Structures are given as structure tokens and as C-alpha cells.
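This report concerns only the one structure given below.
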Amino acid sequence: MKMISTMRGHFWIKFDNGYMISVFNDWGSYSDNHFNTKLGKSFMEQKNIPVDSTNCEVAILYNDNMVNPLGWDDKVKGHVTPNELLEIMNKVGELKACQ
């Protein structure tokens, strides 16, 4: 099974073009863990625990602002599979920098 594993449910990747993607799979995210009360408790207590899911929530940022250069219905895309995450990363990495 393909899986996304994080520590405390979040990581970011910044590309040379200035764009950054935020990947979130902890409690409250649009992922398998959205209503996971066990993770919710550790999230609120800020415990450093591993978080696993089969999908995640992704946002794209530029200059610390959420942007939507890929034409999603919202600025956040939920329930993204590992294969979709790779596609998003490749597309964002190829975007031209904003002026």
C-alpha cells in the first residue's frame, strides 16, 4: 500500500521558482485522518508522533500566500494520493515564477 508518512502531520517543499507546497495529513486535514480523534489529542498537545495516511491535503504557496496556479476548485486540494502528490510536485516545480 502506498502511504504518506510525516512527523506531526506536516511538511513543506520549496522549489527554485519560489513556489512552495504544503503537505498535511494530520487530524483535521482533508485526508484519511480528518476525524481521527487519537491524532487530534496529540495534535492539540503538540506531541511529535508519526502520522500515516493513504492520502493528504495539499496547498500551493508563493511569497507566503496560498495561490491556485493549477486551477483547482479551491486553494486546498484534499485526499491527494501519493501518485497525485508527485504529479502536483512536478507541475509546481515547472511553473514560471510570479512577477
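Values below: every heavy atom of this structure, side chains too, minus hydrogens, waters and symmetry copies. Predicted, not measured: the structure shown is a model, and the values here were computed from it.
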Evaluate the side chain to side chain contact (heavy atoms under 4.5 Å, CB included) criterion for residues V67 and Y19: first the C-alpha distance (whole Å), next the side-chain angles of each, then the deciding distance (0.1 Å), finally the verdict. CA-CA 9 Å; V67 295; Y19 284 92; 4.0 Å; yes

What do the steps show when you test I13 against V23 for side chain to side chain contact (heavy atoms under 4.5 Å, CB included), and what is the final call? CA-CA 8 Å; I13 298 173; V23 179; 5.6 Å; no

Hey, does [Y] have a side-chain heavy atom less than 4.5 Å from the side chain of [X]?
X: I60; Y: P69; result: yes
X: E84; Y: T81; result: yes
X: F15; Y: I21; result: yes
X: W72; Y: D74; result: no
X: L39; Y: V51; result: yes

For the atom pair CZ (F11) and CZ (F24), what is the distance rounded to the nearest 0.5 Å? 12.5 Å

Applying ring pair (Phe, Tyr, Trp, His ring centres under 6.0 Å) to W12 and not counting sequence neighbours gives H10

Using the rule that two of Ile, Leu, Val, Met, Phe, Trp, Tyr join whenever any of their side-chain heavy atoms come within less than 4.5 Å, decide whether [X] and [Y] are in one cluster.
X: L61; Y: I88; value: no
X: M20; Y: L85; value: no
X: L95; Y: M89; value: yes

I'd like to check the side chain to side chain contact (heavy atoms under 4.5 Å, CB included) partners of [X]; sequence neighbours left out, ordered by chain and number.
X: K75; result: M66, N68
X: S31; result: N25, S29, N33, N55
X: E87; result: none
X: L86; result: N90

Are any side-chain N or O atoms of D32 and backbone N or O atoms of T54, one a donor and one an acceptor, separated by less than 3.5 Å? yes

Would you say the side-chain atoms of N63 pair up with the backbone N or O of N65, donor to acceptor, closer than 3.5 Å? no

Heavy-atom closest pair, residues Y62 and A97: OH-CB, 3.6 Å

Looking at every non-hydrogen atom in both residues, tell me the closest pair between G93 and N17 and how far apart they are. O-ND2, 3.4 Å

Determine, step by step, whether V58 and S22 satisfy the side chain to side chain contact (heavy atoms under 4.5 Å, CB included) criterion, reporting the C-alpha distance in whole Å, the side-chain angles of both residues, the deciding distance to 0.1 Å, and the verdict. CA-CA 6 Å; V58 177; S22 163; over 6 Å; no

